[in-house]
Amino acid sequence: MADYSKEEIKKIEEKWQQKWRKDEVYKVSNDTTKPKYYALDMFPYPSGAGLHVGHPLGYIATDIVARFKRVKGFNVLHPMGYDAFGLPAEQYAIEHGVHPAISTAKNIETFRSQLDRIGFCYDWSREVRTCDPNYYKWTQWIFLQLFDSWFNRSLQKAERIEQLVATFEKEGNSSHPFPNAKYQLPSGATEFTATDWKSLDEKTQQEVLMQYRLAYLAYTDVNWCEALGTVLANDEVINGVSYRGGHPVVKRQMRQWSLRITEYAERLLKGLNEVDYSESMKDIQRNWIGRSEGAKIHFNLTPNPSPQERGAISGKGIAQDHVFTTDEKSWSSLKEYARENRKNPTEAEDKLWQALRNKSTGYKFRRQHAIGQFIVDLVCINKKLVIEIDGSIHENQKREDQEREQLLNEDGFRVIRFNNEDVLNNLNEVLAKIKAELTTPSPVERGTGGEVITVFTTRPDTIFGVDFMVLAPEHDLVKKITTSEQQHEVDQYLSYVESRSEIDRMAEVKKITGCFTGAYAINPFNQREVPIWISEYVLAGYGTGAIMGVPCGDDRDHRFAKHFKIPITNIIGEHYNGEEANPTYEAILTNSDFLNGIKMKPAMKVVIDKLVEMGIGERQVNYKMRDAGWSRQRYWGEPFPVVFKDDMPYAMNEKDLPLELPDTNQFKSSGNGEGPLANLQDWINIGPNEKRDSNTMPTHAGAAWYFLRYMDPHNETEFASKEALDYWNQVDVYVGGSEHAVAHLLYARLWTKALHDLGYLNFDEPFKKLINQGKITGDSRFVYRVRGKNQFVSSGLKDQYETDALHVDVNIVEGLELDTEAFKKWKPDFANAEFILEDGKYICGSAIEKMSKSYFNVINPDRIIENYGADTLRMYEMFLGPLEQSKPWNTSGIDGVYKFLRKFWNMMHDSEGNVKLSDTEPTKEELKVLHKTLKKIEQDIDNFSFNTSVSEFMICINELNALKCNKRAVIEPLVVALSPFAPHVAEELWEKLGHSDTVLNATYHKVEEKFLVESSFEYPISINGKVRAKMNMALDMPKEDIQKQVMASEIVQKWTEGKTPKKVIIVPGKIVNVVL
RNA sequence: ACCCGAGUGGUGGAAUUGGUAGACACGCAGGACUUAAAAUCCUGUGGCUAGUAAUAGCUGUACGGGUUCAACUCCCGUCUCGGGUACCA
């Protein structure tokens, strides 16, 4: 009757696809006692080109896992949807006038029909589309949750903004400084008290809160692409041009929405230790987050205008060189006294000390510290603020104090006094006063020549190798410190920097430019004065925007020093050769004062401790990652659910969501950096002083949480119910391309963590396991046209002519041989083509490239299905090699897979095509084959090693064929095992085996080890590590007996030539090695 | 430049914690069936040397060293390819 022929395959596959759909066999319930399993694919962007054979690779793997878990008794969530907002549909609309909603819907239809043909077990009733208002209602809702929260650094989690407001009302922001250290209130302050907070007007309060919100609006440097009329995310810019289209990109300041992902840097980093992603994937994310540990160091500047002009300026009472503490002589005589004092504090002193210690004010205080010739009660060296606590006051004492205060003032210290009663009874007031003093800029910071440069360095150990300082050109201090002599040069340099586009900079990354400011900084450890430069190679956005230049240890600093002829100090002895920097950690330091003779690694701690002690530096962790730009000047995306009043955004009411995208046929940007929505004035202006945002969210928004919506896709009151979220929990396995390794994954992880912090989720990593399937690359073919003629020369002869290589459609090439007739018909231009053949054939050139329409190397899965059926396609894609490996598409092996399926079919059919099964008991040997296979398939699926499981099936069939086995008891479990891989043929065979229910509801046969136990083993006998013989021996044979048998054997005798071997190694069940 | 990953027959690729390198498949060669072809089935297939042959020996997992009774697997160095980052101090 029926053979597994191409006609029959078509019938079978259509039959089951219809039946599956009709019977809704893939519908998954949330209401079950079964254990859950969640298998997820990265949902596709439905492009106009449809699927090529590369797309289904990951989908097939997930489908196998999903089906396998189902026959193993799990309730499996295996959904699919579409990442349907995005730029291509909008570009298409601009070019062809088709509304994105229409072209997107059409593309989805194509995708769906292609997916259906491959036989995936998706529960389509749970489909999501990010462009559907019922979906993006919740994208907007989650955005508002982010807008309504802030990151509490001390708890390392997000909290509601109202909690922050309550804190501000109680104590100001002293315990929660501005996340952006550069932000200042209109007054210039960076801290405020509760009283300050209450005195701020509504708008300023909103601006302050905006500094904390997880979704916030700010003027940020953005990548502006004029040609696309939009801002691009960092990962959408490659080598200074746009990822899509390759248009130039420039930096521009715009008021944009951002997500404060940097606050989560540490958690995003730590979370990687809890998830099962490939190491390379974790590395990519770690690099992107870019954590580096080091120190912040504050350098004092020499007084203006220049050290030369300064001459011999010295303070009174305190030597200028030792402005921070004291001179050595006084220090040694005072320190004992200070130490004694610290042991016996007065009650008031101690109380205030306890309140100020550990930088509770944000600044480091020390007590009983020597300054000049005095010991002061408390001092913040950084802020040059002295606090004195007075007991009962005598006249004498008063006079002394005044003198003392005067001397301290002359050296730049401010002194504030409290009496014991103040401290003991009104500590809060005292603290408020201290804080207020701390936030008032001290005179030295106002440009009198005492500015401070703060640098970030990962190598504090190289502090004695500092030969210069470099500021980013945009650094605030540049204006203040530039001397009049250097002003002109600096101005010129700044305008040069401004004139350079991103692409220029990218192209000339290694070009050395810079300019001296005329100012000098003082190395706090040896009082050396080093010049301060500005240069492009220091980035304003990273660290403090300033570095200390250590040319002997840093390549960039070295090039800079050489270029500008700055003398280089060598602190690493022989490790530095004078020609190039050596960033070693291993050197023993020289020319480094108190660090001499210490290795660099331990020296780091020594330096940081000293910096902290001196109050001129602290340990610091920096991250490369920046906050995520979240505004796009586009139409086809989610509108921001906010209303601007008095230029500040306010969240829309939840019940008014979704804020639907207005219909329009104007998709071009309105200019001025505003999106197309700005054209719709009626929509933008909602009241006399109320406006909407004209931007939309990036594609990442919808993709950042879609895996949650699948759990409860039709919920109209919540993004998903608590029960559904608790039940389905984390995605057990997530499969997709590594191109989403950075952005998508980080945003999805961020949203999950934020929702977790706000109490919506009980997990804070979305994906338990992540697999990145490799790319399937195209195998392109070329023909070689003789220049100026319509003549084509075969690949082997092309060197004899002047030729141009042209891509040719891979579908008209068989192997490497071109079908010349098909070629003539392919394009009208080639109708009269002539060919120069070799050996009567036209041989094409080939290259492995990305699969792309323009290379004519795209293989459509429909074509493979047409020829071999979906089951063969599925198994062949898996058989191609390890899932995670990239590989070129090549159909040459597909016959092997097809033959296997036919053999499987034939196993239970006779030559006439009738079902022929035996109901007799299987033999031991047959059972062994069965259970070995079942075991291996299970293991391989667990390891995502699908290529080896396909091999295992082939081995199994070869072995059963050799045994001429057609027993039901063997075949039935194998059909279930095969069903995840080749579901159509498995269903058909399952039906032929007499079952009326789908094979999806069958149970994977239990592996029984008893059938696999071997009693003997064929030992390889090696002599000096080389296998010379085999011997079958019982597995439970004692080692001595094995040795006896081995030594007695003929071959071993031959090799030992009667001598006693040095050693005989016996590994039971593995090998015997005789060492001569 | 830096950080990962990989390199195994003509090809895609196998090889538990170091324990028979090349499973499985393609391709190729030979054979069976056939008037013939296709399809199917069977046999062989890393390289070299010797032998009519069964077989025996040598060699072999990018290259050069090392550790070990034993290395595709571990360590050091070199080369090539792929991915990521791109002046991140």
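Every chain is numbered from 1 and lettered A, B, ... according to where its sequence line falls, protein lines coming before strand lines. Only heavy atoms go into these numbers, but all of them, side chains included; no hydrogens, no water, no symmetry mates. In this text, all values refer to a predicted model and were calculated from it rather than measured experimentally.
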Next on the checklist: Show me, range against range, the stems involving RNA chain B, built from at least 3 consecutive Watson-Crick or G-U pairs below 3.5 Å.
Outcome noted: B:1-7 with B:79-85, B:10-12 with B:24-26, B:27-32 with B:40-45, B:46-50 with B:55-59, B:62-66 with B:74-78
Checklist entry - With rounding to whole Å, what would you report as the distance between B:U11 and B:C3 at their C1' atoms? => result 33 Å
Item to check | Donor-acceptor pair (no angle test) under 3.5 Å: A:Asp283 side chain, B:C4 base | outcome: no
Item to check | Donor-acceptor pair (no angle test) under 3.5 Å: A:Lys903 side chain, B:U40 base | outcome: no
Next on the checklist: What's A:Leu880 touching, base or sugar-phosphate or nothing? Going by heavy atoms closer than 4.0 Å.
Outcome noted: sugar-phosphate
Checklist entry - B:G12 phosphate, OP1 or OP2: any side-chain N/O from A:Lys887 under 4.0 angstrom? => result no
Checklist entry - Rounded to whole angstrom units, what separation is found between the NZ atom of A:Lys932 and the C1' atom of B:A23? => result 10 Å
Checklist entry - A:Asn582 and A:Thr584: side-chain donor and acceptor closer than 3.5 Å? => result no
Checklist entry - Base, sugar-phosphate, or nothing for A:Phe879, non-hydrogen atoms under 4.0 angstrom? => result base
Checklist entry - Given B:A89, is OP1 or OP2 found less than 4.0 Å from the side-chain N or O atoms of A:Ser292? => result yes
Checklist entry - Salt bridge or not for A:Asp555 and A:Arg559, using N-O below 4.0 Å? => result yes
Next on the checklist: Please tell me if A:Tyr537 has a side-chain N or O lying less than 4.0 Å from either OP1 or OP2 of B:A89.
Outcome noted: no
Checklist entry - Quick one: A:Trp533 CH2 to B:C87 P, roughly how many Å, whole number? => result 21 Å
Checklist entry - Expressed as a whole number of Å, how far does the P atom of B:U45 sit from that of B:A53? => result 14 Å
Checklist entry - Do A:Tyr747 and A:His740 have ring centroids that are under 6.0 Å from one another? => result no
Checklist entry - Does A:Arg459 make a cation-pi contact with A:Tyr585 (under 6.0 Å, within 45 degrees of the axis)? => result yes
Item to check | Sugar-phosphate, base or nothing in reach of A:Ile955, heavy atoms under 4.0 Å | outcome: sugar-phosphate
Checklist entry - A:Lys1063 near the nucleic acid: base, sugar-phosphate alone, or nothing, with a heavy-atom cut-off under 4.0 Å? => result sugar-phosphate
Checklist entry - Between A:Lys601 and A:Glu586, is the closest basic N to carboxylate O distance under 4.0 Å? => result yes
Checklist entry - Does A:Gln885 make a side-chain N or O approach to OP1 or OP2 of B:G13 shorter than 4.0 Å? => result yes
Checklist entry - What does A:Pro888 touch in the nucleic acid at a heavy-atom separation under 4.0 angstrom: a base, only the sugar-phosphate, or nothing? => result nothing
Item to check | C1'-based separation of B:G64 from B:G30 [nearest Å] | outcome: 42 Å
Checklist entry - Does a side-chain N or O from A:Asn943 land closer than 4.0 Å to OP1 or OP2 of B:U16, or not? => result no
Next on the checklist: Heavy atoms only, 4.0 Å cut-off, all strands: where does A:Val1067 land among base, sugar-phosphate and nothing?
Outcome noted: base
Checklist entry - When you compare B:A62 with B:U73, how far apart are their P atoms, in angstrom units rounded to a whole number? => result 8 Å
Checklist entry - Under 4.0 angstrom, heavy atoms only, what part of the nucleic acid is A:Val1064 near: base, sugar-phosphate, or nothing? => result nothing
Checklist entry - So, for A:Phe946 and A:Phe944, is the gap between ring centers shorter than 6.0 Å? => result yes
Checklist entry - Does B:G47 adopt a syn or an anti glycosidic conformation, taking syn as a chi angle within 90° of 0? => result anti
Checklist entry - Would you say A:Asn947 reaches B:A14's phosphate, i.e. side-chain N/O to OP1/OP2 under 4.0 Å? => result yes
Checklist entry - For the base of B:U20, is there a side-chain donor-acceptor partner from A:Lys1030 under 3.5 Å away? => result yes
Checklist entry - Touch check for A:Asp555, heavy atoms < 4.0 angstrom, all strands: base, sugar-phosphate only, or nothing? => result nothing
Checklist entry - Under 4.0 Å between a side-chain N/O of A:Arg902 and OP1 or OP2 of B:C41, yes or no? => result no
Item to check | Presence of A:Lys1026 side-chain N/O under 4.0 Å of B:U59 phosphate oxygens OP1/OP2 | outcome: yes
